[in-house]
Structure formats: structure tokens, C-alpha cells
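The structure displayed is predicted, hence computed values, not measured ones.
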Amino acid sequence: MASSLTLYSFCLFSTLFAFTTTATQYCALEKPLMHLHFYMHDDFTGYTGPKPTAMRIVTMPKMSINDTSPRTFGDVAVLNNLLTKGPSHESELLGRAQGFSVRVSDGGLVNDLSLHLVFEHGPFAGSSIYIHGRIPLDKPVRESVVVGGTGHFRFARGYMISKNCDYSLATGGSVEFNVYVM
């Protein structure tokens with residue numbers, strides 16, 4: 001009986017020790033909250049260079065003859081947009097916003113966005129942040145979640161606030177990003 005109690009105590013102690021060690025290692029991964037600020041240039045017409053950086057690859061038929069929106073429920077767009085330090089597409093290049101969006105509402109005003117913020121220049125070159133979110137384009141400010149990252153942003157979590165600077169559903173434009181990431 002004493003032998004099984006000792007074995008039980010040993011197993012319990014070992015489990016608690018392993019849990020405590022793992023929790024301590026996880027807490028050591030915590031990074032301070034960082035605020036990153038930059039602009040994405042969503043270009044459906046080629047204003048940032050010789051070719052567009054965003055393109056509709058699936059265009060759904062209009063649900064109503066009264067629908068005048070340039071986007072429709074079910075449309076899918078792919079993105080390879082510039083990320084710059086300033087609001088002009090000619091300002092310092094930081095990287096690319098690569099991903100896709102699916103129009104998930106009537107009139108095409110809400111997107112389900114999957115986006116990798118890929119840093120090609122500056123202190124985070126070679127790293128990326130993965131964003132996912134519901135983007136209601138008719139709202140002046142939108143919030144998305146930071147799901148993860150690579151390189152400097154491995155195990156990242158946080159959120160992103162986006163708002164249009166000069167934007168049209170038909171042609172695209174610049175979108176301001178404020179990313180808060182740990």
C-alpha cells in the first residue's frame with residue numbers, strides 16, 4: 001500500500017513539475033505589445049505600377065437588377081498589395097500584403113479577409129504577421145485579429161485596426177493599418 005502511495009505521489013509531482021516548467025517556458029515567450037503603423041495600397045487598376053496588385057478572380061452575377069455595387073456576394077479577390085511607411089504608394093516600401101478576400105454579404109460590402117503582412121525591408125525583413133477578420137467596408141474603422149506570424153512575430157497575437165484613407169470599391173486605394181501585436 002505504501003509503495004502505491006509513493007508511486008502515486010511521484011507521478012503527481014512529476015506531472016505538476018512538467019506543467020510548471022511548460023507554463024514557465026510559455027510565459028518566457030511573451031513579448032511586449034508593439035504598435036506597427038503603415039499603409040496598404042489595394043490597387044485594382046494599376047495606379048501603383050504597371051499592373052494591378054489586387055484582382056477579382058471570381059465574379060458572381062448580380063443578385064438584383066437594382067444592385068449598383070462594383071462587388072457582389074461571393075466575389076473572390078486575391079491581393080499582392082504594397083505595404084508602405086506613408087499614405088502615398090511612392091513612400092518607403094516595407095513589404096507586401098498577400099492573401100485573399102471573399103465577399104460574404106449582399107452588395108459585397110463585407111469581406112472575410114485572410115492576409116499575410118510580409119515584411120521585405122526594415123527591421124522585420126523576413127518576418128510576417130497573419131491577419132484574419134470580417135471587414136465591413138461601410139464602417140470607417142474595422143478590427144481584425146492577429147492569428148500568428150513568422151520570424152520576429154512567431155507566436156504573435158493581437159489585433160489590427162484598419163481604415164480607408166482614399167478608397168473606392170471600384171478602383172481600390174490606400175488603407176491605414178495600425179497593428180498591435182505581442
Val118 reachable from Met160 in the ILVMFWY side-chain graph, under 4.5 Å edges = no
To the nearest 0.5 Å, what is the distance between NE2 (His89) and OG (Ser91)?
-> 9.0 Å
Centroid-to-centroid, Phe124 to Phe153, below 6.0 Å?
-> yes
Beyond-backbone contact of Asp42 with Leu79, side-chain heavy atoms, under 4.5 angstrom | yes
Can you name the nearest heavy-atom pair linking Arg142 to Val175, along with the distance?
-> NH2-CG1, 3.9 Å
What about Met34 and Phe119, same hydrophobic cluster or not, with Ile/Leu/Val/Met/Phe/Trp/Tyr joined at side-chain heavy-atom distances under 4.5 Å?
-> yes
Look up atom CG in Asn80 and atom OG1 in Thr53, then write down how far apart they are to the nearest 0.5 Å.
-> 7.0 Å
For the atom pair CG (Leu94) and CE (Met40), what is the distance rounded to the nearest 0.5 Å?
-> 13.5 Å
Lys85: partners by salt bridge (charged side-chain N to carboxylate O under 4.0 Å, His left out), with sequence neighbours left out | Glu92
Is it true that Val76 and Met60 fall in one hydrophobic cluster, defined by side-chain heavy atoms closer than 4.5 Å?
-> yes
Could you note down all residue pairs passing side chain to side chain donor-acceptor pair (under 3.5 Å) where residues 143-154 supplies at least one of them, sequence neighbours left out?
-> Ser128-Thr150
Could you tell me whether the side chain of Val179 reaches within less than 4.5 Å of the side chain of Tyr159, counting heavy atoms only?
-> no
Tightest non-hydrogen contact, residues Asn111 and Val104, listed as C-CG2, 4.1 Å
4.5 Å side-chain heavy-atom contact, Glu176 and Asn178 | yes
What's the spacing between Asp75 CG and Ile57 CD1 if we round to 0.5 Å?
-> 10.5 Å
Between Arg96 and Leu83, the two heavy atoms sitting closest are O-CD1, 3.4 Å
Which atoms form the tightest heavy-atom contact between Val110 and Ser105, and what is the distance?
-> N-OG, 3.1 Å
Evaluate the side-chain proximity of Leu137 to Arg103: yes if any heavy-atom separation is below 4.5 Å, no if none is.
-> yes
Can you tell me how far the CZ atom of Arg157 sits from the CE atom of Met182, to the nearest 0.5 Å?
-> 4.0 Å
Does the side chain of Leu117 come within less than 4.5 Å of Phe177's, by heavy atoms?
-> yes
Cut-off 3.5 Å, side chains only: do Ser174 and Asp166 have a donor facing an acceptor?
-> no
Can you hop from Ile161 to Leu33 via hydrophobic side chains spaced under 4.5 Å?
-> yes
When hydrophobic residues are tied together by side-chain contacts of less than 4.5 Å, even through go-betweens, does Tyr167 share a cluster with Tyr39?
-> no
Classify the side-chain pair His41/Thr84 by whether it contains a donor and acceptor separated by less than 3.5 Å.
-> yes
Determine the interplanar angle of the Tyr130 and His132 rings, folded into 0 to 90°, and report it as parallel if under 30°, tilted if 30 to 60°, perpendicular if over 60°.
-> tilted
List the atom of Val58, the atom of Gly74, and the distance in Å for their closest heavy-atom pair.
-> CG1-O, 4.0 Å
Between Gly99 and Leu115, the two heavy atoms sitting closest are N-CD1, 4.1 Å
Heavy-atom side-chain proximity of Tyr180 to Val146 below 4.5 angstrom = no
Salt bridge (charged side-chain N to carboxylate O under 4.0 Å, His left out) partners for Glu120, two or more places apart | none
